[in-house]
Amino acid sequence: MRQQLMKMLTERKDEIIQIRRHLHAHPELSFHEEETSKFIRDFYKGKDVDVAEEVGGGHAVVVTIKGGKPGKTIALRADFDALPIHEETGLPFKSENDGVMHACGHDGHTAYLLVLADCLIKLKEEVPGTIKIVHQHAEEMPPGGAKGVMESGILDDVEQIFGIHVFPFGESGEVYYHSGYSMAGRTYFKLKVQGVGGHGSSPHMANDAIVAAAYFVTAIQTVISRRLNPFDTGVVTIGSFDGKGSFNVIKDAVLLEGDVRYMNTETRDKIDKEIHRIVSGIEAMFGVKTELTYTNDYPPLYNNPDVTKQVVASLEKGVGEYLTAVSEYEMLSGSEDFAYYLEKIPGVFFYIGAKPKGTEQVYFNHHPKFDIDEDALLVAAKAVADVVLDYYKLD
């Protein structure tokens with residue numbers, strides 16, 4: 001069966017690329033992917049599968065492929081939303097939706113999984129179990145489409161789940177993995193500091209919100225430098241400080257927004273506690289009032305070590321065939337809502353090298369000139385196919 005499946009995927013490489021290019025030209029933002037979702041649903045029309053639409057409070061599509069024999073259930077996931085970025089690639093199939101771009105490779109994720117799923121449907125009588133294909137919306141925007149999909153209960157029977165992400169700093173044919181905590185969790189916070197406005201000549205008759213807010217900006221960095229174990233990783237960023245006013249007017253209120261990253265849940269909880277403590281201290285020290293919005297968006301992504309070993313062994317079968325290397329990679333500080341699945345379901349999220357050929361300047365995900373080597377999409381399809389085949393012990 002492996003030889004047959006790999007042959008089918010190779011023969012459909014051009015179709016994978018064609019689908020990717022169509023999706024790339026028609027990107028849609030998170031929670032607004034109506035046409036993309038319809039395109040996916042139309043792809044499965046007439047096929048012998050169950051299709052669940054509008055899953056998880058969004059436009060997700062979950063396709064259930066029931067094998068010809070009883071057995072366990074696994075899931076494969078690809079995201080399909082785009083970003084609010086004006087594309088600067090100059091590609092002939094560049095975005096036709098001004099200000100919206102597939103700058104993170106989700107078009108490629110969807111393209112490979114559609115064709116892989118179709119091939120698995122054609123061979124499903126040989127599969128001893130059920131495969132759920134998760135076409136997920138809104139990975140890019142908190143709270144993330146994965147959260148809603150998980151809460152829907154549609155994956156409650158899934159034993160293991162797998163996903164990939166194209167990675168522009170690795171050559172096509174290279175696959176990367178990391179066991180355990182692998183990607184950062186993320187928290188968003190917004191703080192309003194309310195003081196009393198006044199004239200710059202009479203500070204005693206006012207209460208300067210800028211002074212209090214500026215102290216918060218400085219104090220919050222001590223959470224990382226003085227409250228975390230030096231061997232733990234955390235980042236606190238103030239990305240917005242809205243205190244604009246007149247040069248001789250004492251500001252009555254300031255609004256700050258920030259971002260927190262961490263590599264495990266213990267660090268998350270520690271930073272959470274310390275930020276709240278500092279906010280309370282600002283109120284007491286400066287006599288201001290505060291309003292803190294503190295939202296844990298995506299949890300840290302945890303690849304189950306046992307499942308990771310299983311996946312690596314499966315991928316190594318492809319070395320010398322469609323892969324050149326399977327390598328361990330360091331933890332990444334970016335966040336990914338696939339982490340919601342891995343909180344409940346053992347699984348692995350790994351990376352597919354996709355550096356564009358013949359280029360010296362590589363642009364990372366979310367850059368307006370981001371692009372991929374489309375050969376990597378067939379690599380992704382075959383890599384995930386090997387993971388599925390090995391799970392069900394199909395040769």
Side-chain angles (χ1 to χ4, degrees), residues 1-9 12 40-41 43-53 55-56 60-79 109-110 112-136 146 149-164 175 177 179 302-318 321-322 326 338 340-350 380-395:
M1 180 172 171
R2 181 179 186 275
Q3 183 178 5
Q4 187 178 4
L5 179 55
M6 295 299 173
K7 183 174 183 292
M8 292 169 70
L9 290 171
R12 296 181 69 173
I40 292 168
R41 298 195 307 270
F43 181 86
Y44 290 102
K45 278 185 177 178
K47 302 184 191 302
D48 187 16
V49 291
D50 296 328
V51 178
E53 304 176 7
V55 177
V61 179
V62 178
V63 178
T64 301
I65 305 171
K66 296 178 181 178
K69 306 169 189 176
K72 295 181 178 180
T73 299
I74 64 171
L76 312 177
R77 174 272 208 169
D79 38 16
H109 299 170
T110 300
Y112 102 78
L113 189 56
L114 284 171
V115 172
L116 173 59
D118 193 34
C119 293
L120 290 170
I121 292 167
K122 289 177 167 56
L123 300 173
K124 69 188 185 76
E125 290 305 313
E126 303 300 318
V127 177
T130 298
I131 303 170
K132 294 193 174 183
I133 306 297
V134 182
H135 293 288
Q136 183 211 302
V149 173
M150 279 300 298
E151 291 173 349
S152 74
I154 199 166
L155 303 183
D156 284 354
D157 58 344
V158 172
E159 301 279 344
Q160 291 186 11
I161 187 166
F162 308 99
I164 63 95
V175 174
Y177 68 92
S179 184
Y302 183 78
N303 283 329
N304 181 282
D306 291 335
V307 183
T308 302
K309 289 180 183 177
Q310 163 194 317
V311 166
V312 171
S314 301
L315 294 173
E316 286 177 344
K317 292 185 176 181
E321 184 182 332
Y322 62 88
V326 178
F338 194 84
Y340 283 116
Y341 301 121
L342 296 178
E343 279 191 315
K344 304 291 185 182
I345 307 169
V348 177
F349 189 75
F350 58 100
K382 290 185 173 183
V384 176
D386 261 337
V387 171
V388 172
L389 292 169
D390 252 22
Y391 180 85
Y392 287 116
K393 296 179 170 47
L394 296 169
D395 297 326

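Treat the numbers as computed from the prediction; the structure is a model and nothing was measured.
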Closest approach of Cys119 and Leu9, non-hydrogen atoms and distance? SG-CD2, 3.9 Å
Mind checking the NZ-NZ spacing from Lys124 to Lys47? Nearest 0.5 Å is all I need. 12.5 Å
Could you tell me the separation between the CD atom of Glu125 and the CG atom of Asp48, rounded to the nearest 0.5 Å? 8.0 Å
Partner of Arg77 under side-chain contact (heavy atoms from CB on, under 4.5 Å), picked from Val134, Val62, Val149, Leu155, is Val134
Quick one: pull up CZ in Phe338 and CD1 in Ile164 and give me the separation to the nearest 0.5 Å. 10.0 Å
Say you draw a straight line from CG of Asp157 to NZ of Lys132; how long is it, rounded to the nearest 0.5 Å? 3.5 Å
Apply the test side chain to side chain contact (heavy atoms under 4.5 Å, CB included) to residues Leu342 and Asn304: give CA-CA distance (whole Å), side-chain angles for both, the deciding distance (0.1 Å), then the verdict. CA-CA 8 Å; Leu342 296 178; Asn304 181 282; over 6 Å; no
Any side-chain heavy atom of Asn303 within less than 4.5 Å of one from Tyr177?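 SC-SC contact between Asn303 and Tyr177 ruled out.
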Any side-chain heavy atom of Leu394 within less than 4.5 Å of one from Pro128? yes
Does Lys7 NZ have over 12 foreign heavy atoms under 6.0 Å away? no
So do the side chains of Arg12 and Asp118 get within less than 4.5 Å of each other, counting heavy atoms only? yes
Is the shortest side-chain heavy-atom distance between Val307 and Tyr391 below 4.5 Å?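 No. Closest side-chain heavy atoms not under 4.5 Å.
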So which heavy atom on Ala117 is nearest to which on Ile133, and how close? CB-CG1, 3.8 Å
Non-hydrogen atoms of Ser179 and Pro305 that approach each other most closely: OG-CA, 3.3 Å
Between Met150 and Tyr341, is there a side-chain heavy-atom distance shorter than 4.5 Å? yes
Going from NE2 on His109 to CG on Leu76, what distance comes out if it is rounded to the nearest 0.5 angstrom? 13.5 Å
Check the angle between the aromatic planes of Tyr44 and His135 and answer parallel, tilted or perpendicular using the 30° and 60° thresholds.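 The rings of Tyr44 and His135 sit tilted, inter-plane angle from 30° to 60°.
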Taking the side chain as every heavy atom from C-beta outward, state whether Met6 and Glu321 have any pair of such atoms under 4.5 Å apart. yes
Indicate yes or no for a side-chain donor-acceptor contact from Thr130 to the backbone of Gly67 under 3.5 Å, with no hydrogens or angles considered. no
For a quick test of reading the model, state the closest non-hydrogen atom pair linking Gln136 to Ala60 and the distance between them. CA-CB, 4.2 Å
Can you tell me how far apart CG (Leu116) and CD1 (Ile131) are? Round to the nearest 0.5 Å.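 Leu116 atom CG to Ile131 atom CD1 measures 8.0 Å (nearest 0.5 Å).
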Taking Lys382 first and then Asp386, would you say they form a salt bridge - that is, a charged N and a carboxylate O separated by under 4.0 Å?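 Salt bridge absent between Lys382 and Asp386.
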Is any side-chain heavy atom of Leu5 closer than 4.5 Å to a side-chain heavy atom of Leu389?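 A side-chain contact under 4.5 Å exists here.
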For the residue pair Tyr322 and Ala383, what are the closest heavy atoms and their distance?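 So the minimum-distance heavy-atom pair works out to OH-CA, 3.4 Å.
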So, do Met1 and Tyr392 sit near enough that their side-chain heavy atoms are less than 4.5 Å apart?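 They are not in contact (no side-chain heavy atoms under 4.5 Å apart), so the answer is no.
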